[in-house]
Visitor: 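For reference, the structure I am asking about is given below.
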Amino acid sequence: MLKRHTPSLESVWAEWEREKRAAKRLAARGPRPERPRTPDNSEPWLKYPPQSISDLFYISDKVAEVVAQCRARLHKL
Amino acid sequence: MQGQASQIIESLAAEHRVLVLGGMAVIAHGLSRTTDDADIWLEPMHSISAWCDVVRDALGDFQEVYFFDVSQHRKISPAGLPHTIDTAGMVRVGGLDRYLDIFYQPNQLDVEDFDTAWNFATLGLGKARVMDESFLMATKTDTARPSDQDDVSFLEKKLRKEISSRLATCTPSEATLLFSRYLDHATCEAALTNPEPAVRELGLSGLRELAAGGNPFAIEALKKRGEPL
């Protein structure tokens, strides 16, 4: 049987409240001049789409490595 | 270098249908996250005992390997595997470079769902396939793990974007198929921009269904269009 997914009502209401708050913020701020949008500056973990189980483990390991490096450098200001 | 868990998955996938699920599947769908284990759904065989034979054979070359019953928090003997599969629907394989969880019946899915899940999987990893987003979300429903909620949130956003762009131009039969995988207010509204009246009607009926369940976006969308709730 096909599994149809519908987001939970709880998450829909959270999204609804987020959107309403953002709309209120924008309305209060008033019109602003056009600004350049930040281009997509993200770099993929691999230069190609994952093709093997090992590629997925590689991504997971790299993420873990970067998270550990960031945590090690974090300090209280 | 290929790890032991990868080798086992690939050797199973060479002979049988194997779906990748869990954290690895979510990474394959594009989320940058970590995972300590590999989860796979090995296709059902004519009996649990035959299924267990295939699992045991695949692990034959690995000396340190052991089976672990996650529901009972204890190691089990190879002979105890059918009982664990019958009661827990999965077994953890330890003693490899990573844990490998092999499912006979994943959370919220039936053994009979395997064929449909296999046919809906569109990403390949060697001979294994990655479980499609809608099935993957089913396996992550009603679990107590916070990471599952993050995964579902990522997969919902991904599906919403992909399905919405297709619903704007697709045929009625494709729209029916898309809505049978995923339904939210944004996808319904995307269907309302389709030139085909039958697709627009599907979008409206989806909005009515969501509104009846109390979805505020759907209620607002119907009101804006002057449609009855």
Visitor: Checking heavy atoms, do the side chain of B/Leu123, its backbone, both or neither come under 4.5 Å from chain A?
Guide: neither
Visitor: Taking all heavy atoms of B/Leu183 and all of A/Pro7, pick out the closest pair and write down the distance.
Guide: O-CD, 3.3 Å
Visitor: Measuring heavy-atom distances to chain A, does B/Val152 have an atom under 4.5 Å in its side chain, in its backbone, in both, or in neither?
Guide: side chain
Visitor: Of the backbone (N, CA, C, O) and the side chain (C-beta and beyond), which part of A/Asp61 lies under 4.5 Å from a heavy atom of chain B, both, or neither?
Guide: side chain
Visitor: Search all heavy atoms of A/Ala64 against all heavy atoms of B/Thr34 and return the closest pair with its distance.
Guide: N-CG2, 3.4 Å
Visitor: If I take atom CG from residue B/Leu136 and atom NE2 from residue A/His5, how far apart are they, to the nearest 0.5 angstrom?
Guide: 10.5 Å
Visitor: Name the member of B/Arg98, B/Glu220, B/Glu133, B/Lys127 that forms the most heavy-atom pairs with chain A at distances under 4.5 Å.
Guide: B/Arg98
Visitor: Heavy-atom count check: over 12 atoms from other residues, nucleotides or ligands less than 6.0 Å from B/Glu174 CD?
Guide: yes
Visitor: With a 4.5 angstrom heavy-atom cut-off, is it the side chain or the backbone of B/Gln108 that approaches chain A, or both, or neither?
Guide: backbone
Visitor: Could you grab the distance from atom CD1 of A/Ile59 to atom CG of B/Leu31, nearest 0.5 Å is fine?
Guide: 10.0 Å
Visitor: What pair of heavy atoms forms the shortest contact from A/Arg4 to B/Ser180, and how long is it?
Guide: CB-O, 3.1 Å
Visitor: Step through the shown structure and confirm whether more than 12 heavy atoms of other residues, nucleotides or ligands are within 6.0 Å of CZ on B/Phe154.
Guide: yes
Visitor: For residues A/Ser11 and B/Gln149, determine if any side-chain heavy atom of one lies less than 4.5 Å from a side-chain heavy atom of the other.
Guide: no
Visitor: So how far is it from A/Ile53 CD1 to B/Met24 CE, rounded to the nearest 0.5 Å?
Guide: 4.0 Å
Visitor: Which answer fits B/Ile9, side chain, backbone, both or neither, if we ask what part of it has an atom under 4.5 Å from a heavy atom of chain A?
Guide: side chain
Visitor: Does CD in A/Gln69 sit with more than 12 non-hydrogen atoms of other residues, nucleotides or ligands closer than 6.0 Å?
Guide: yes
Visitor: Within the 4.5 Å heavy-atom criterion, are A/Ser60 and B/Ile27 side-chain neighbours or not?
Guide: yes
Visitor: For A/Trp16, is it the side chain, the backbone, both or neither that has a heavy atom under 4.5 Å from a heavy atom of chain B?
Guide: both
Visitor: If we define contacts as heavy-atom pairs under 4.5 Å, which of A/Phe57, A/Tyr58, A/Trp45 has the most with chain B?
Guide: A/Phe57
Visitor: Is any side-chain heavy atom of B/Glu156 less than 4.5 Å from a side-chain heavy atom of A/Glu15?
Guide: no
Visitor: How long is the span from the CG atom in B/Asn215 to the OG1 atom in A/Thr6, to the nearest 0.5 Å?
Guide: 9.5 Å
Visitor: To the nearest 0.5 Å, tell me how far A/Leu56 CG sits from B/His29 NE2.
Guide: 10.0 Å
